[in-house]
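Report on one structure; see the data block that follows.
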Amino acid sequence: MGTKLNQLAELSQTAGQYQEIGTLYGFIALVKTEISEKEDIDLKFNRFFVQGDGNIKYTYNNGIMAKDPQTAALNFLNALEKLPRYIKEEEKKISEMQRDLPVLEELVRSSWSKESRLSELKTELAAIERKIQSSITAESKEQLNEEKAIKIDDDQVQEKFTIKWKSPH
């Protein structure tokens, strides 16, 4: 078996796709060819996986197959031996989340205590914005009126000045 896995490691070309190579204890054994570039040279290597339910894939030695046939034969078993540890870790996460669940559910069901205050502040803000807008409009009208008055005064001054300096001829 180890010899066959080493042959697959050398000869497989899956173009980046997972390819089924067998089963082990109800799990699917897969190989995937990956290519990396180093100094403008494409390097091809095959990685090996064991796939469980839900397309979850497990590896041993990052999926790299050992050269020694006896060690290579244990690759998939070593990957499966990690499962109990993964299961315990996930169960621990689930129990922690279940402890937090009642608090989070209560939080979701409750209403925000500051909702009425927020509404008051929004109303207040709208009133202030209206005051600012009306004062800007009033100032603009006042400034426009002052500019017109100044222009009229300038025009009258020029008219009087022109009249006074008319030559008698």
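It should be emphasised that the depicted structure is a prediction, and the values quoted were computed from it without experimental measurement.
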Next item on the list: Could you state whether I136 and I128 fall into the same hydrophobic cluster, counting links through intermediate Ile, Leu, Val, Met, Phe, Trp or Tyr residues with side-chain heavy atoms under 4.5 angstrom apart?
Entry: yes

One should read off an interatomic distance between L125 CG and L118 CG, to the nearest 0.5 angstrom, of 10.5 Å

Between F27 and G52, the two heavy atoms sitting closest are CD2-CA, 3.7 Å

Check your understanding: Given the rule that I, L, V, M, F, W and Y join up when any side-chain heavy atoms are under 4.5 Å apart, are L74 and F76 in one cluster?
Key -> yes

* Asked: Would one find more than 12 heavy atoms of other residues, nucleotides or ligands at under 6.0 Å from atom CG of D100?
  -> yes

All heavy atoms of A66 vs all of N6, minimum pair found to be O-OD1, 2.8 Å

Taken to the nearest 0.5 Å, the spacing of T71 OG1 from M65 CE works out to 10.5 Å

Cation over ring face, K57 and Y18, 6.0 Å, 45°:
yes

Tested for side chain to side chain contact (heavy atoms under 4.5 Å, CB included) against E105, the lone hit among L101, L107, V108 is L101

CE of M1 to CG of N75, rounded to nearest 0.5 Å, is 8.5 Å

| Does I64 share a hydrophobic cluster with I21, counting links as ILVMFWY side-chain heavy atoms below 4.5 Å and allowing steps through other members? | no

Spell out, as yes or no, whether a donor-acceptor pair under 3.5 Å connects the side chain of D42 to the backbone of E37. no

*Can you tell me if NZ on K44 sees more than 12 non-hydrogen neighbours from other groups inside 6.0 Å?*
yes

Applying salt bridge (Lys or Arg N to Asp or Glu O under 4.0 Å), run through E10 and K67 and close with a yes or a no.
-> CA-CA 10 Å; E10 286 293 319; K67 296 290 183 200; 3.4 Å; yes

Exercise for review: Please assess R109 against E106 for the test salt bridge (Lys or Arg N to Asp or Glu O under 4.0 Å), listing each intermediate value before the final yes or no.
Suggested key: CA-CA 5 Å; R109 282 193 300 266; E106 180 61 34; 3.3 Å; yes

For Y60, the ring pair (Phe, Tyr, Trp, His ring centres under 6.0 Å) test, sequence neighbours excluded, returns none

Donor-acceptor pair, T23 side chain versus G26 backbone, under 3.5 Å? no

The reported gap from CD in E91 to CD in Q98 (rounded to nearest 0.5 angstrom) is 10.5 Å

Verdict with supporting geometry, K32 and Q19, side chain to side chain contact (heavy atoms under 4.5 Å, CB included):
CA-CA 6 Å; K32 178 182 178 185; Q19 184 178 45; over 6 Å; no

Q. Salt bridge check: are E120 and R117 linked by an N-O gap of less than 4.0 Å?
A. yes

Strictly below 4.0 Å, N to O, side chains only: are K92 and E89 in salt-bridge contact?
no

- Using modelled atom types only, decide if a donor and an acceptor are shared between the side chain of T14 and the backbone of T33 within a distance under 3.5 Å. yes

**Request:** Flag the pair R47 / N62 as yes when at least one side-chain heavy-atom distance between them is below 4.5 Å, and no otherwise.
**Result:** yes

- Query: Should L24 and L77 count as side-chain neighbours, where that means a heavy-atom distance under 4.5 Å?
  - Reply: yes

I'd like to know whether L80 forms a side chain to side chain contact (heavy atoms under 4.5 Å, CB included) with L83, so could you lay out the CA-CA distance, the side-chain angles of the two residues, the decisive distance to 0.1 Å, and finally the verdict. CA-CA 5 Å; L80 292 176; L83 291 179; 3.7 Å; yes

Linked, directly or transitively: V31 and L43 (ILVMFWY side chains, under 4.5 Å)
no

Exercise. Treat each ILVMFWY residue as a node, draw an edge where side-chain heavy atoms are under 4.5 Å apart, and state whether Y86 and I28 are in one component.
Key: no

- [ ] Salt-bridge test for K93 and E90: reply yes if a basic N is under 4.0 Å from a carboxylate O, no otherwise.
- [x] yes

ask   = Does the ring center of Y58 lie less than 6.0 Å from the ring center of F49?
value = no

Value for CZ (F48) from CG (L30), rounded to nearest 0.5 Å, stands at 10.5 Å

